[in-house]
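Throughout, numbering of the chain's residues begins at 1 and tracks the sequence.
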Amino acid sequence: MLAQESSKNSRRSFIGTTVKAAVVTALTGSQLHALASNDKAASVLAGAVSTTLVGTSFTQLPLPYAYTALEPFIDALTMEIHYSKHAATYAKNVQDAATAENVNTNSNLETILQKISSYSAKMRNNAGGHYNHELFWQCMKPAPAGVPTGALAAAINNSFGSLDGFKTQFADAAKNRFGSGWAWLVVGADKKLAIGSTANQDNPLMDVSTFKGFPLLGIDVWEHAYYLKYQNKRADYITAWFNLVNWDFVAARYEKAIQ
Ligand code: MN3
C-alpha cells in the first residue's frame with residue numbers, strides 16, 4: 001500500500017515529470033526511418049503517430065490514482081492485486097527478458113513490440129503485458145467518464161455513427177475475445193479509427209498481430225481484471241468500465257497521433 005500513501009500533489013508532480021521523460025526519450029526521426037524501412041508495422045508510427053507518443057519505459061510507473069478510486073466499478077482489491085501483483089510481475093519479467101536477450105532497458109518498449117517476432121516468447125508475453133497495463137491505467141480515471149471531445153469526438157462519430165455506436169462495437173470486441181486478451185481502439189496507418197482485439201498479452205503494435213494500429217484505448221478482459229467483482233459476467237464489467245474511460249487522455253493521444 002506504500003504507493004497509495006503519497007499525496008495528490010506528489011502524484012501530480014510525478015505525472016508531469018513522467019510526461020516530460022516520455023518526450024525526452026522519444027525516438028528520433030532517423031530511428032523511425034530505420035524502423036519503417038524494414039517493418040510494415042512501424043509505418044503506423046512513422047506515418048501516422050507523433051514521436052512524442054513513443055516512449056514507454058521498462059519500469060512500472062506509480063498508479064495515477066488510489067486503489068479505491070475506481071469503485072464501485074472496479075473494486076479496490078482487484079486494483080491492488082492487478083497492479084501490485086499481475087502488472088508488477090510483467091514489469092519484472094520484461095526486465096529479466098531484456099537482460100537475457102541483450103535489450104537496452106533505456107530503449108522504448110514500442111521499438112521492441114514492433115519487432116517482437118525477433119524475440120522470445122517470454123519477451124512477447126511480458127513486453128506486451130507491461131506495455132498494455134501501463135496504457136490501461138492511464139486509460140481509466142475516477143468516474144464520471146465524460147465524453148470524447150474535439151477531433152476524437154468527430155472521428156468517433158464518423159467511424160462508428162455515435163459514441164453509443166462506438167461502445168457497442170468496442171464491447172462486442174471485448175466480449176467476443178475468447179479466453180484472455182484485450183480489446184482496442186486504434187488509429188491505423190490510414191489515420192482512421194478501428195476496433196479490434198488481441199489474445200493474451202499481444203497488442204496492435206506487434207508485428208505478429210493480425211490487428212494492427214496505434215493503441216488509443218484498451219480494455220483488459222483477462223479474468224484477473226474483473227473476476228472478484230463480476231465473476232463470469234464479463235459483459236457487466238465492460239458496461240461498468242465505460243464509466244471510467246479517461247476520454248481526455250484518449251483525445252490527447254489521438255490528436256498527437258494524427259498530426
Ligand atoms: Mn491485466
Side-chain angles (χ1 to χ4, degrees), residues 22 41 43-45 47-50 52-56 64 70 73-74 109-110 113-114 128-141 143-178 180-206 209-222 225-226 234-235 237-259:
S43 67
V44 173
L45 291 177
V49 174
S50 164
T52 58
L53 289 171
V54 183
T56 305
L70 305 185
F73 304 108
I74 300 180
L109 210 51
E110 288 87 348
L113 296 172
Q114 290 175 291
H130 175 57
Y131 178 89
N132 295 347
H133 286 88
E134 289 289 292
L135 180 61
F136 184 57
W137 311 132
Q138 296 180 82
C139 286
M140 298 186 291
K141 70 171 191 58
V147 294
T149 54
L152 177 65
I156 284 176
N157 289 337
N158 191 40
S159 296
F160 311 113
S162 63
L163 180 58
D164 282 345
F166 160 76
K167 288 181 179 177
T168 298
Q169 288 190 42
F170 190 83
D172 283 347
K175 284 184 279 192
N176 294 332
R177 166 47 55 190
F178 183 77
S180 297
W182 293 74
W184 304 98
L185 172 68
V186 304
V187 58
D190 59 2
K191 301 197 178 186
K192 291 184 176 171
L193 297 179
I195 290 169
S197 71
T198 54
N200 301 315
Q201 294 295 358
D202 285 354
N203 69 45
L205 290 173
M206 290 182 173
S209 180
T210 54
F211 177 67
K212 287 192 175 68
F214 191 84
L216 302 175
L217 175 68
I219 182 172
D220 187 342
V221 294
W222 284 57
Y226 63 87
R234 183 191 287 187
Y237 156 68
I238 295 163
T239 299
W241 183 83
F242 283 121
N243 290 291
L244 303 172
V245 173
N246 186 348
W247 283 114
D248 288 344
F249 171 77
V250 180
R253 202 167 163 83
Y254 174 69
E255 286 180 19
K256 287 181 183 171
I258 60 170
Q259 279 174 357

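- Between Y226 and W241, a ring centre-to-centre spacing not shorter than 6.0 Å is recorded.
- Between the side chain of W182 and the backbone N or O of D202 there is no donor-acceptor pair closer than 3.5 Å.
- Residues L217 and F249 have side chains not in contact (no heavy-atom distance under 4.5 Å, counting atoms from C-beta outward).
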Name the atoms and distances for all side-chain donor-acceptor pairs under 3.5 Å in residues 145-168, with sequence neighbours left out.
from: N157; atom 1: ND2; to: A153; atom 2: O; distance (Å): 3.4
from: S159; atom 1: OG; to: A155; atom 2: O; distance (Å): 3.1
from: S162; atom 1: OG; to: D164; atom 2: N; distance (Å): 3.4
from: S162; atom 1: OG; to: G165; atom 2: N; distance (Å): 2.9
from: T168; atom 1: OG1; to: D164; atom 2: O; distance (Å): 3.0

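- Between S209 and N203, the closest side-chain pair of non-hydrogen atoms is not below 4.5 Å.
- Taking the side chain as every heavy atom from C-beta outward, V245 and F170 never approach each other to under 4.5 Å.
- No side-chain donor-acceptor contact under 3.5 Å links K175 to the backbone of F178.
- Checked by atom type and distance alone, the side chain of N132 pairs as donor or acceptor with a backbone atom of Q201 at under 3.5 Å.
- One finds the CG atom of N243 at 10.0 Å from the NZ atom of K141 (value rounded to the nearest 0.5 Å).
- Between W137 and H133, the ring planes lie tilted relative to each other; the angle falls in the 30° to 60° range.
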Hey, mind stepping through R177 and I219 against side-chain contact (heavy atoms from CB on, under 4.5 Å) and telling me if it holds? CA-CA 11 Å; R177 166 47 55 190; I219 182 172; over 6 Å; no
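- Taken to the nearest 0.5 Å, the OH atom of Y254 stands 5.0 Å off from the CG atom of L193.
- The backbone N or O of G55 sits less than 3.5 Å from a side-chain atom of E110, completing a donor-acceptor pair.
- Separation of atoms CZ (F73) and CG (L244) is listed at 6.5 Å; rounding is to 0.5 Å.
- Looking at I74 and M140, their side chains come closer than 4.5 Å, going by heavy atoms from C-beta outward.
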